[in-house]
Amino acid sequence: MAKYGFLIDASRCIDCRACLVACSVENNVPMKSTRIWIKDSGVTGEFPNLERHTAPFHCMHCIDPSCVSACTVGALQKNEDGIITYDNEACIGCRYCMYACPFEVPHFEWDQQFALITKCDLCVSRLGDGEAEPACAATCPTDAIQFGKREDMLAMAHNRIKDESSRYVDHVFGEHENGGTSTFYISPVPFEQLGFPSTETMESPAHFNRIATEEGTPIIAVGAAIGMTGIYLAIEHNQKKNGTDKIEHVETKHDSAGKE
Amino acid sequence: MTKTISRRDFLKISAASVGALAVGQMLPPMVAKAAKESGVLNAAGDGVISTMCEMCVWRCGVLAKIKDGRVVKLDGNPEHPHSNGNLCPRGQSGLMNTYDPDRVLTPLIRVGKRGEGKFREASWEEALDLVASKMTEIKNKYGAEAMVFSSTHNLSQPLFENLLYAFGSPNYGTQRSLCFNAMIVANTMTYGMEEPARIYDDKLKYILLTGRNLLEAISTSETSDLSHAIDRGAKVVYLDPRYTKTASKATEWLPIKPGNDLAFHLALLHIIIGEKLYNRSFVEKNTVGFDELKKEVSRYTPEWAAALTGITAETIARIAHEFADAAPHALAHNGWRTSNFVNSFHTQRAISILNALIGNWDIVLTESGGEESGALGAPPQPAYPRVSALRLDGVPWKYPVVPFKIGVFQELRDNIVSGDPYQAHGWFISRQNPVMSIPDRSKTLEAFGKLDFIVTVDIVLNDTAWFSDVVLPEASYLERYDPLLPFGDKVFLRQPVIEPQGQAKSALWIYKQLGERLGLSDYFQYEDEEDYIRQQLKPLGVTLEEVKAKGYAEAPETPHAGESAEKRWNTPSGKIELFSDTLAKVGFSGVPTWDEPPQPAEGQFYLLTGKVAQSTQFGTQNNQLLNKYSDEPRMWINAQVAAKLDLATDDWVEVTSEVGQIHIPVLVTQAIRSDCVFMTPGYGHLSKGLTTAYGVGASDSVLHVTYTDPISGGQALSQTFVTVKKVEDESSAETLKPLYSGE
């Protein structure tokens with residue numbers, strides 16, 4: 001079966017957030033959660049020689065997914081087509097996947113006492129309805145998010161770098177990270193500058209996770225669940241105190257500027 | 001603050017209802033009856049309805065996806081030239097606009113003082129009778145001209161115009177003078193059309209954007225076009241005092257000093273003419289007034305412009321050469337917002353002329369179709385009564401070249417306050433929020449105080465509705481029909497996707513009901529919305545059912561001026577007017593000329609405003625989905641200046657202009673000139689009926705001083721100067737003038 005894949009081109013992203021809104025509607029994402037974030041380098045440089053780069057960021061759909069290995073109850077599954085799906089009926093809210101994922105993708109609804117996770121499932125139901133693309137790729141006005149067969153996306157990524165070597169750094173993020181993923185990024189600047197996780201030491205941790213899971217997760221999970229309830233209460237308290245109901249959807253690398 | 005249902009609650013609800021889920025905070029809405037009856041859905045209730053967006057005025061084609069009889073998602077229509085299958089964040093949030101928990105669901109009649117927000121629910125019968133009787137009373141007592149009408153550009157506008165012109169009032173306000181009058185009037189004087197269409201083809205090599213922040217002020221197809229042109233390697237030079245997202249994608253960003261775009265463009269004309277870089281055969285054949293232009297621009301050297309703009313003479317000269325070298329595949333885009341000064345008309349004329357000189361007509365710029373089609377039918381109606389009263393907005397007696405349909409909105413407001421040349425007594429407002437949009441909010445509320453009667457038509461209790469006597473609830477764009485929109489060789493349909501909430505009604509219905517009560521039935525000769533559209537479609541031989549299924553109908557294009565005869569441009573000379581006799585005859589310079597803009601005094605900043613991708617003007621901040629993904633509205637201030645003022649991001653400042661004062665947190669950034677600060681418009685709402693938006697941010701209209709460009713009537717939005725002072729507390733400041741306190 002053909003595997004799906006994304007190519008996300010930071011040089012094309014205008015940070016309009018159409019993908020974030022489209023995802024929220026398509027997947028009925030709760031108002032206080034998001035499945036896509038904007039990775040934002042912030043404005044760097046000295047006036048008037050400035051730079052700024054952004055890219056939407058969501059589940060990488062790893063080939064050998066750490067989250068699936070870490071999930072004790074089978075709530076996270078990898079499909080034949082490469083999609084990592086999530087079953088909220090099966091989830092016990094242990095949050096272990098959050099620690100397993102090197103990309104920090106699974107997020108919890110911290111304001112819910114019985115938290116579920118929220119994560120991109122590649123609009124699996126939308127694709128099931130016969131649509132060609134997930135909601136984010138379908139709506140992107142600049143084709144910064146493209147969707148297709150994994151191998152085609154990877155080839156396109158390399159071709160773009162080859163054809164316009166001055167426009168991109170020579171790195172397809174996601175090709176080798178965490179043992180390889182289904183989401184590929186290309187960028188005009190090194191990915192650390194965009195706030196992506198460092199890739200130097202990132203190898204597939206799935207094997208280690210599996211050992212950890214088999215031997216220790218149930219206890220960890222129960223402990224974690226108790227701890228997280230405390231975090232929920234703290235967040236609930238802080239939100240009430242600050243009167244904020246905003247979610248953090250833009251992750252700026254540099255704090256000093258640019259997070260408008 | 002925001003009303004939300006938790007996911008747990010939602011899961012409970014949706015578990016009970018079968019089928020797909022839609023926007024988190026509501027049940028997936030049932031599909032509209034009209035759509036169900038049109039046969040676009042299969043037996044299971046699945047299908048797609050084609051309609052048009054109205055989250056801004058660009059009007060993208062929308063496909064509403066229906067599952068199990070419920071509306072689950074809006075997508076861009078790949079067949080519509082304005083969306084090409086994409087929607088921006090605002091378009092994507094459309095369902096939340098219709099399902100805003102703050103929707104007004106019944107007509108409301110004020111019971112408290114104006115601005116207290118106390119209303120009682122009323123029947124349509126009672127509300128419409130009241131509006132008609134108040135309008136008639138004003139007409140009988142003071143004349144029809146004492147009723148002012150205003151509405152923002154929309155597809156039902158022809159019926160709105162029927163209402164006001166048949167009623168007999170000349171007083172018609174639109175939003176345009178607050179936005180792009182300078183561009184529209186300049187193009188009209190140059191090309192005989194409001195705005196030529198732009199062609200972004202594969203050959204386009206060079207794009208000069210003057211404050212046109214196209215990657216944030218999104219017009220979906222044009223934003224895509226620009227982005228794709230950049231991907232193809234087109235050079236983009238972008239002038240803006242602020243490092244916007246467009247600046248970050250441009251080849252070259254020039255942080256020009258506000259108010260001096262005109263100097264930059266005059267210097268480009270100087271070089272292109274002086275060094276004979278223009279297209280001589282095109283200019284000789286298609287333009288008039290070259291000699292007058294040449295004489296005028298001979299004094300505008302790049303060295304002269306460098307001192308004014310902060311851009312070096314070498315850079316200006318290089319750009320002139322690059323632009324001419326790329327001809328005819330070069331575009332000078334008429335920006336409209338970032339640097340609006342009283343000299344903006346001449347800036348826009350210079351840009352329009354720059355295009356003409358390199359002969360890019362029909363290659364980069366071309367005739368735009370407009371929104372009227374001779375191919376469409378219309379219900380019969382008598383001529384309008386003759387109106388002899390002067391317009392309160394000074395058109396044409398003070399602004400002789402401003403088109404009637406555009407007007408000078410801020411002047412209209414000023415003359416409601418002054419009572420000169422006569423006193424207005426009533427204001428009928430539709431789909432508009434002048435309390436937020438017109439500069440100097442206190443003065444707008446003062447104008448309200450002069451009026452006996454104010455009625456607002458909107459889908460929510462916007463700030464203007466909050467201060468109104470009667471509020472009429474309109475159906476949202478997903479709930480109603482509007483008149484057809486001609487575009488190229490097609491006419492597009494907006495049709496109901498969802499049943500109207502509560503008792504909300506379409507504009508076509510509301511205006512007709514009022515027309516009948518005012519004795520103006522002859523101007524509204526249609527049974528209902530569908531009948532109106534059937535009458536439009538009659539000459540095409542197409543049924544409404546066919547159009548509903550496809551979303552559009554083929555319609556022969558109305559011949560343009562250029563195709564009908566020798567006369568290619570609808571100007572007095574029939575040519576592109578580098579020198580305009582029309583302007584000269586009413587005492588303005590016939591060619592673009594330097595007009596020194598005012599500058600901030602020591603310690604003051606230019607107050608800049610501009611769009612962000614997640615909101616449209618003053619009307620979308622209450623949309624929960626857009627609110628979810630919007631940045632906190634902070635005021636940008638240059639990092640070096642902030643250091644001097646001991647300011648860090650999120651520190652609060654007091655910002656003061658000649659007319660008002662606000663408190664707002666700052667964003668300390670390199671991305672703005674040191675002599676400017678920037679605010680996102682549309683925040684600081686007064687209406688507590690907007691529960692999502694109320695209490696968020698501060699209003700730029702509180703600070704904006706009213707300055708009008710004497711030629712185009714455009715509001716000089718960037719000509720307000722402010723002082724900035726650090727404050728310790730976060731409490732909102734009162735405006736300098738007291739808020740409206742009358743009845």
Side-chain angles (χ1 to χ4, degrees), chain A residues 9 11-12 14-34 38 42-48 50-54 88 109 111-112 114 116 118 125-126 129 131 135 138-144 164 243-247 249-250 255-260, chain B residues 1-2 4 6-8 10 14 20-25 65 67 72-76 85-89 91-93 95-96 215-216 218 220 223-224 227-228 231 243 245 247-249 253 255 612-614 624-626 628-629 631-632 634 636 638-640 649 667-671 673-674:
Chain A
D9 186 338
S11 77
R12 295 182 176 186
I14 58 171
D15 186 25
C16 73
R17 305 171 200 171
C19 52
L20 282 73
V21 180
C23 172
S24 277
V25 178
E26 181 74 40
N27 298 298
N28 183 35
V29 177
M31 247 350 147
K32 294 184 180 180
S33 300
T34 189
I38 297 292
V43 177
T44 56
E46 285 298 315
F47 185 96
L50 304 176
E51 263 191 82
R52 181 186 197 163
H53 304 278
T54 55
N88 61 14
E109 293 160 18
D111 60 327
Q112 307 288 306
F114 303 100
L116 298 173
T118 183
S125 73
R126 180 183 167 100
D129 290 341
E131 299 272 352
T139 207
C140 179
T142 62
D143 292 339
E164 287 183 86
T244 174
D245 55 0
K246 284 261 193 193
I247 51 156
H249 55 271
V250 180
D255 294 335
S256 59
K259 192 181 167 189
E260 290 101 48
Chain B
M1 181 176 65
T2 306
T4 53
S6 74
R7 184 181 169 93
R8 286 284 183 197
F10 180 71
S14 55
L21 307 175
V23 182
Q25 278 56 46
K65 197 170 142 191
K67 272 181 91 172
V72 296
K73 182 73 176 37
L74 307 178
D75 281 318
N86 308 125
L87 289 179
C88 76
Q92 283 291 348
S93 76
L95 287 170
M96 201 70 236
L215 301 186
E216 289 187 88
I218 294 183
T220 310
T223 299
S224 299
S227 177
H228 295 327
D231 293 341
Y243 187 75
K245 285 161 191 166
S248 75
K249 300 292 179 193
W253 169 53
V612 293
Q614 300 81 22
Q624 293 187 2
L625 267 169
L626 293 175
K628 173 180 179 177
Y629 287 121
D631 293 319
E632 295 290 339
R634 290 177 285 197
W636 294 26
N638 175 277
Q640 279 74 37
T649 290
L667 172 80
V668 173
T669 177
Q670 292 283 344
R673 284 174 59 95
S674 59

TODO: Indicate whether the side chain of A:Ser24 and that of B:Tyr629 have a donor and an acceptor atom separated by less than 3.5 Å.
DONE: yes

Task: A:Cys19 versus chain B, the contacting section by heavy-atom distance below 4.5 Å - done: neither

- [ ] Please state whether the side chain, the backbone, both or neither of A:Asp129 comes within less than 4.5 Å of a heavy atom of chain B.
- [x] side chain

Open item on the list: At a heavy-atom distance under 4.5 Å, which candidate from B:Ser93, B:Ser224, B:Gly85 has the highest pair count against chain A?
Closed with: B:Ser224

Open item on the list: Would you say that B:Arg673 contacts B:Pro255 through its side chain, given a criterion of any heavy-atom pair below 4.5 Å between the two side chains?
Closed with: yes

- [ ] Please determine, among A:Ala138, A:Ala144, A:Ser11, A:Ala18, the option with the most heavy-atom pairs under 4.5 Å with chain B.
- [x] A:Ala18

Task: Engaged part of A:Thr54 at the chain B interface, taking heavy atoms whose separation is under 4.5 Å - done: neither

- [ ] Measure distances from B:Ile218 to the heavy atoms of chain A and classify the residue's part below 4.5 Å as side chain, backbone, both or neither.
- [x] side chain

Open item on the list: Looking at B:Lys628, is its backbone amide N or carbonyl O close enough to the side chain of A:Lys32 to form a donor-acceptor pair, meaning the two atoms are under 3.5 Å apart?
Closed with: no

Task: Which portion of A:Glu46 sits near chain B, non-hydrogen atoms under 4.5 angstrom - done: both

TODO: Enter the distance from B:Gln670:CD to A:Arg52:CZ here, rounded to the nearest 0.5 Å.
DONE: 13.0 Å

- [ ] Please answer whether the main-chain N or O of A:Asp143 pairs with a side-chain N or O of A:Arg12 as donor and acceptor at a distance below 3.5 Å.
- [x] yes

Open item on the list: Please classify the contact of B:Asp231 with chain A as side chain, backbone, both or neither, using a heavy-atom distance under 4.5 Å.
Closed with: both

- [ ] Nearest 0.5 Å please: distance from the OG1 atom of A:Thr139 over to the NZ atom of B:Lys73.
- [x] 6.0 Å

